[in-house]
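Heads up: the structure comes next, in C-alpha cells.
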Amino acid sequence: MPSSTPRFRIGTGYDVHRLVEGRDLVLGGVKIPFERGTLGHSDGDVLTHAVADAILGALALGDIGQHFPDTDPEYEGIYSIDLLKHVAALIKEKSFVVSNVDATLILQRPKVMGFLQEMRQKLAGALEVSIDLVSVKATTTEGMGMTGNGDAVAAQAVCLLSKM
C-alpha cells in the first residue's frame with residue numbers, strides 16, 4: 001500500500017509519579033508550594049510528560065522514555081519544559097503544527113486551580129503556540145486510589161496535530 005501522511009494526527013499521553021518528601025512539586029512547568037514533590041529522574045513533572053507523550057504518540061515517535069532515558073545522567077533533574085521544547089522541534093521537523101492540547105491533572109492535594117493559567121502559559125510557550133490551543137484541568141479521585149490517598153499525582157493528555 002502506498003504511504004501517505006494523514007492531514008491530522010491524534011496522540012494520548014499518561015504519566016504518574018509518587019509523591020515524596022524532599023522534592024519539589026513541578027506541574028506544567030510551575031513550582032507548586034507543597035510539602036512533597038514528585039519522585040523522578042527529571043523534575044518529575046507528570047503534566048509536561050503526559051503532553052510530551054501525547055505529541056510523540058501522534059508523531060509515531062515512541063515515548064519520552066525512549067527520547068530521554070532515565071538511565072542517562074544528562075537528564076537527571078532536568079526541567080521537563082526543556083524536554084517539551086525538544087519535542088516541539090520534532091513537530092516542526094515532521095511538518096506538523098499543534099492544533100490542540102487538552103490535559104488533565106489527577107490529584108487530591110494540593111489544590112492547583114490557582115496555577116492552571118500559568119501552567120497553560122508554560123506549556124504553550126514551550127510548544128510555541130497560542131495559549132488558547134492549550135487546555136489544562138484538574139480533578140480528584142474523591143479520595144480513592146493512589147492519587148486519592150495522596151501517594152501520587154497523575155496526568156493524562158491528548159493532542160491534535162495538523163499537517164502544515
Side-chain angles (χ1 to χ4, degrees), residues 3-19 23-32 37-107 112-113 115-139 146-147 152-164:
S3 175
S4 66
T5 304
R7 179 170 156 79
F8 299 104
R9 288 195 169 192
I10 296 170
T12 65
Y14 176 83
D15 197 27
V16 61
H17 282 263
R18 181 180 312 278
L19 287 167
R23 293 275 301 198
D24 289 334
L25 180 59
V26 180
L27 301 171
V30 179
K31 186 176 173 184
I32 310 294
T38 47
L39 182 62
H41 185 68
S42 66
D43 61 4
D45 184 342
V46 296
L47 179 59
T48 301
H49 296 176
V51 170
D53 266 348
I55 292 165
L56 290 168
L59 294 171
L61 293 176
D63 63 24
I64 61 172
Q66 292 171 281
H67 289 262
F68 316 106
D70 64 5
T71 55
D72 189 334
E74 177 182 353
Y75 304 117
E76 188 171 356
I78 195 166
Y79 183 49
S80 293
I81 289 290
D82 291 337
L83 303 179
L84 187 58
K85 289 177 183 176
H86 174 79
V87 171
L90 296 174
I91 298 169
K92 289 180 185 176
E93 183 180 300
K94 296 292 184 180
S95 300
F96 280 88
V97 294
V98 173
S99 292
N100 178 255
V101 171
D102 184 28
T104 305
L105 279 165
I106 306 157
L107 71 166
V112 294
M113 181 149 333
F115 300 97
L116 297 179
Q117 185 71 5
E118 187 179 358
M119 291 177 200
R120 290 178 64 211
Q121 289 171 339
K122 295 271 189 180
L123 294 168
L127 295 171
E128 298 181 5
V129 300
S130 173
I131 193 171
D132 67 336
L133 299 181
V134 177
S135 170
V136 176
K137 306 173 298 291
T139 191
M146 65 186 164
T147 59
V153 58
Q156 61 185 28
V158 63
C159 75
L160 176 65
L161 303 180
S162 303
K163 193 72 173 165
M164 283 200 267

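When atom types are taken as modelled, the side chain of Asp45 and the backbone of Gly29 share a donor-acceptor pair closer than 3.5 angstrom.
For Lys94, the side chain to side chain contact (heavy atoms under 4.5 Å, CB included) criterion is met by Leu59, Leu61, Phe96, not counting sequence neighbours. Under the side chain to side chain contact (heavy atoms under 4.5 Å, CB included) criterion, Thr71 pairs with Pro69, sequence neighbours left out. For His41, the ring pair (Phe, Tyr, Trp, His ring centres under 6.0 Å) test picks out no residue, with sequence neighbours left out. By the side chain to side chain contact (heavy atoms under 4.5 Å, CB included) test, Val158 is found to be paired with Ile10, Thr12, Asp102, residues two or more places apart in sequence or in another chain being considered. Partners of Ala88 according to the side chain to side chain contact (heavy atoms under 4.5 Å, CB included) rule, which considers only residues two or more places apart in sequence or in another chain, are Leu127. Residues satisfying the ring pair (Phe, Tyr, Trp, His ring centres under 6.0 Å) criterion with Tyr75, sequence neighbours excluded, are Phe68. Evaluation of the side chain to side chain donor-acceptor pair (under 3.5 Å) rule for Asp132 yields Ser130 as partners, not counting sequence neighbours.
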- request: Please assess Ser162 against Arg7 for the test side chain to side chain contact (heavy atoms under 4.5 Å, CB included), listing each intermediate value before the final yes or no.
  value: CA-CA 6 Å; Ser162 303; Arg7 179 170 156 79; 5.7 Å; no
- request: Tell me, with the steps shown, if Lys31 and Asp43 meet side chain to side chain contact (heavy atoms under 4.5 Å, CB included).
  value: CA-CA 10 Å; Lys31 186 176 173 184; Asp43 61 4; over 6 Å; no
task: Would you check, one step at a time, whether the test side chain to side chain contact (heavy atoms under 4.5 Å, CB included) holds for Ile91 with Ile55?
output: CA-CA 8 Å; Ile91 298 169; Ile55 292 165; 3.5 Å; yes
task: I would like to know whether Leu90 and His86 meet side chain to side chain contact (heavy atoms under 4.5 Å, CB included); could you show each step before the answer?
output: CA-CA 7 Å; Leu90 296 174; His86 174 79; 4.2 Å; yes
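Within the structure, side-chain hydrogen bond (donor to acceptor under 3.5 Å, both in side chains) pairs that include any residue of residues 50-70 do not occur (at least two apart or interchain). Listed by first and then second residue, the salt bridge (charged side-chain N to carboxylate O under 4.0 Å, His left out) pairs that reach into residues 115-131 are Lys92-Glu128, sequence neighbours excluded.
Note that CG of Asn100 is 7.5 Å distant from OG of Ser135, once rounded to the nearest 0.5 Å. Separation of atoms CD (Gln121) and CD1 (Ile131) is listed at 4.5 Å; rounding is to 0.5 Å.
Counting heavy atoms of neighbouring residues, nucleotides and ligands inside a 6.0 Å radius, atom CE of Met113 does not exceed 12 of them. Sparse packing is recorded around CZ of Arg18, with 12 or fewer heavy atoms of other residues, nucleotides or ligands lying under 6.0 Å away.
Between Val129 and Val97 there is no side-chain heavy-atom pair separated by less than 4.5 Å. The shortest distance between side-chain heavy atoms of Leu133 and Val101 does not fall below 4.5 Å. With contacts defined as side-chain heavy-atom distances shorter than 4.5 Å, the pair Ile32/Val26 does not qualify. Residues Thr38 and Leu25 have side chains in contact (heavy-atom distance under 4.5 Å, counting atoms from C-beta outward).
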